[in-house]
Amino acid sequence: MKLSLVVPCFNEARAIPLFREAVRALELPYDLEFIFVNDGSTDESLMVLRQLAEADPAVHYLSFSRNFGKEAALLAGLRRASGEWIVTLDVDLQHPVKLLPEMTAILARGEADCVAARRTTRAGEPPIRSAFARMFYVLLNRLSEVRMRGGETDYRMMTCQVRDAVLALPEVNRFTKGIYAWVGFRTRWLEFENVDRAVGESKWSFWGLVRYSIQGLSAFSAAPLQLASVLGLVCCLAALVYLLYILGKTLLVGEAVGGWPTLACLILFLGGLQLFVIGILGTYLAKVYIETKHRPVYLIQEER
Ligand code: UDP
Ligand code: MG
């Protein structure tokens with residue numbers, strides 16, 4: 001049996017050797033294949049990878065022409081992996097490698113096709129970030145057909161059958177966590193506690209995460225597109241009620257012409273609502289536009 005480790009790296013020169021040591025120290029009874037994907041690092045990551053590949057025939061790397069993002073790196077690694085089992089994990093040791101023996105054992109016993117790890121704690125993360133993350137999962141589960149539990153990570157080991165299923169989805173806008181939920185298969189969940197990075201710092205900014213969640217939502221749910229219909233209906237009903245009220249009031253009491261503040265509020269409110277909904281339409285249109293270009297998700301400059 002061969003186990004392929006797909007590891008995206010972006011400016012991780014110091015973490016890469018530590019990661020390889022940590023995995024080697026486990027002495028797993030399988031053939032190992034390291035596939036590091038250098039996602040356009042600007043530090044010495046590529047040099048480190050070249051040296052490692054030189055010294056160890058089990059180490060392979062793909063190097064992108066620029067930073068294409070972690071999703072692209074995962075895709076490239078999955079395509080390249082040749083093992084019967086494939087695991088994707090972060091190089092910063094935040095995905096504890098000590099889970100690997102248990103994961104392989106589960107696959108070896110044929111109890112599942114996919115073993116996924118989820119974080120039980122979000123310790124060490126800014127509270128506002130955790131709150132938004134929780135909100136995102138609630139929203140996604142409400143609005144889309146995929147079911148996600150929250151705390152999900154990209155730390156997964158799968159059989160090559162699952163890998164092929166994941167690769168069969170041709171979209172450019174890839175939200176891998178949603179893709180795994182979408183393809184199905186028997187998935188077993190392992191839990192681990194959040195650990196701090198071994199070295200370096202997180203590449204995610206708050207706005208990066210906001211963009212990531214919008215991408216995830218729009219990739220797996222068309223529900224926001226129906227928002228216009230719902231809002232339109234609600235506004236119509238409200239207008240009808242208000243119309244009846246004014247009619248009644250004018251007929252019974254009689255009224256001088258007035259209502260300027262009401263008009264101003266209504267115009268602003270409806271104008272805002274329309275722009276908001278057009279914005280949502282625009283988000284989806286932009287996705288369609290990008291998808292129809294059929295651009296490659298990444299470009300490989302160097303590999304070994
Ligand atoms: N990463 C990547 N491309 C990017 C950003 C990150 O390949 O544009 C890699 C990074 O090297 C690491 C993993 O994705 O192996 C997770 O990144 P990070 O630790 O910054 O994210 P966090 O753990 O804070 O969610
Ligand atoms: Mg990390």
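Treat the numbers as computed from the prediction; the structure is a model and nothing was measured. Any value given below was found using the heavy atoms of this structure, including those in side chains, with hydrogens, waters and symmetry copies removed. Counting from 1, the numbers follow the sequence of the chain as shown. Numbering of ligands and ligand atoms starts at 1, following listing order.
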> Can you tell me the protein heavy atom closest to atom 14 (O) of ligand 1 and the distance?
Replying inline: Lys70 CD, 3.2 Å
>> Which residue and atom name correspond to the protein heavy atom nearest atom 9 (C) of ligand 1, and how close is it?
In response: Pro8 O, 3.8 Å
>> Closer than 4.0 angstrom, basic N to acidic O: yes or no for Glu152 and Lys177?
In response: no
> Would you say Leu75 and Phe10 are hydrophobically clustered, going by side-chain heavy atoms of ILVMFWY under 4.5 Å?
Replying inline: no
>> Under a 4.0 angstrom heavy-atom cut-off, which atoms of ligand 1 come close to Glu12?
In response: 10 (C), 11 (O), 12 (C), 15 (O)
> Which atoms from ligand 1 have a heavy atom of Asp39 less than 4.0 Å away?
Replying inline: 2 (C), 3 (N), 4 (C), 7 (O), 8 (O)
>> Distance under 4.0 Å to a non-hydrogen atom of Val91: what atoms of ligand 1 satisfy this?
In response: 15 (O)
>> If the test is ring pair (Phe, Tyr, Trp, His ring centres under 6.0 Å), which one of Tyr212, Phe206, Trp207 qualifies with Phe132?
In response: Phe206
> What residue and heavy atom of the protein are closest to atom 21 (O) of ligand 1, and at what distance?
Replying inline: Trp204 CD1, 3.1 Å
> Are Arg156 and Tyr180 in a cation-pi contact, defined as NZ or CZ under 6.0 Å from the six-membered ring centre and within 45° of the axis?
Replying inline: yes
> Among Val7, Asp90, Val37, which residue places a heavy atom closest to atom 16 (C) of ligand 1?
Replying inline: Asp90
> Of the protein's non-hydrogen atoms, which lies at the shortest distance from atom 1 (N) of ligand 1, and what is that distance?
Replying inline: Phe10 CB, 3.7 Å
> What's the spacing between Leu5 CG and Leu28 CG if we round to 0.5 Å?
Replying inline: 8.0 Å
>> Give me each pair satisfying side chain to side chain donor-acceptor pair (under 3.5 Å) with a member in residues 86-96, each pair once, sequence neighbours excluded.
In response: Lys70-Asp90, Asp92-Arg197
> Stepwise, does the side chain to side chain donor-acceptor pair (under 3.5 Å) test hold for Arg79 with Tyr298?
Replying inline: CA-CA 12 Å; Arg79 281 186 178 152; Tyr298 53 83; 2.9 Å; yes
>> When you compare ligand 1 with Gly69, is there at least one nitrogen or oxygen pair between them that comes in under 3.5 angstrom?
In response: no
> By residue and atom, what protein N/O/S atoms are less than 2.8 Å from the Mg ion (ligand 2)?
Replying inline: Asp92 OD2, Gln94 OE1
> Between Ala73 and ligand 1, is there a nitrogen or oxygen pair with a distance under 3.5 Å?
Replying inline: no
> Side chain, backbone, both or neither: which part of Cys9 comes within less than 4.0 Å of ligand 1 when only heavy atoms are counted?
Replying inline: backbone
>> Gln215 vs Asn173, test: side chain to side chain donor-acceptor pair (under 3.5 Å). Steps then yes/no.
In response: CA-CA 8 Å; Gln215 183 177 334; Asn173 178 20; 2.8 Å; yes
> Is it the case that one hydrophobic cluster holds both Leu18 and Met47, taking links as side-chain heavy atoms less than 4.5 Å apart, direct or via other members?
Replying inline: no
> Should Val230 and Tyr284 be counted in the same cluster of Ile, Leu, Val, Met, Phe, Trp and Tyr side chains packed under 4.5 Å apart?
Replying inline: no
> Can you tell me which residue and heavy atom of the protein come closest to atom 24 (O) of ligand 1, and the distance to 0.1 Å?
Replying inline: Ser202 OG, 2.6 Å
> What residue and heavy atom of the protein are closest to atom 23 (O) of ligand 1, and at what distance?
Replying inline: Gln94 OE1, 2.6 Å
> In the protein, which heavy atom is nearest to atom 17 (O) of ligand 1, and how far is it?
Replying inline: Arg197 NH2, 4.1 Å
>> Pair Leu52, Asp56 - check side-chain contact (heavy atoms from CB on, under 4.5 Å), show working.
In response: CA-CA 6 Å; Leu52 279 185; Asp56 182 351; 5.8 Å; no
> Relative to each other, are the rings of Phe64 and Phe68 parallel, tilted or perpendicular (30° and 60° limits)?
Replying inline: perpendicular
> In the protein, what heavy atom is nearest to atom 6 (C) of ligand 1, and what distance, to one decimal place, separates them?
Replying inline: Lys203 CG, 3.8 Å
> Which is it for Glu33 and Ser4 under the side chain to side chain donor-acceptor pair (under 3.5 Å) test, yes or no, and what are the steps along the way?
Replying inline: CA-CA 5 Å; Glu33 176 187 55; Ser4 303; 2.5 Å; yes
>> Within ligand 1, which atoms have a heavy atom of Asp92 less than 4.0 Å away?
In response: 19 (O), 23 (O)
> Hey, quick one: are Trp189 and Val162 part of the same hydrophobic cluster, counting side-chain heavy atoms closer than 4.5 Å, chains of contacts allowed?
Replying inline: no
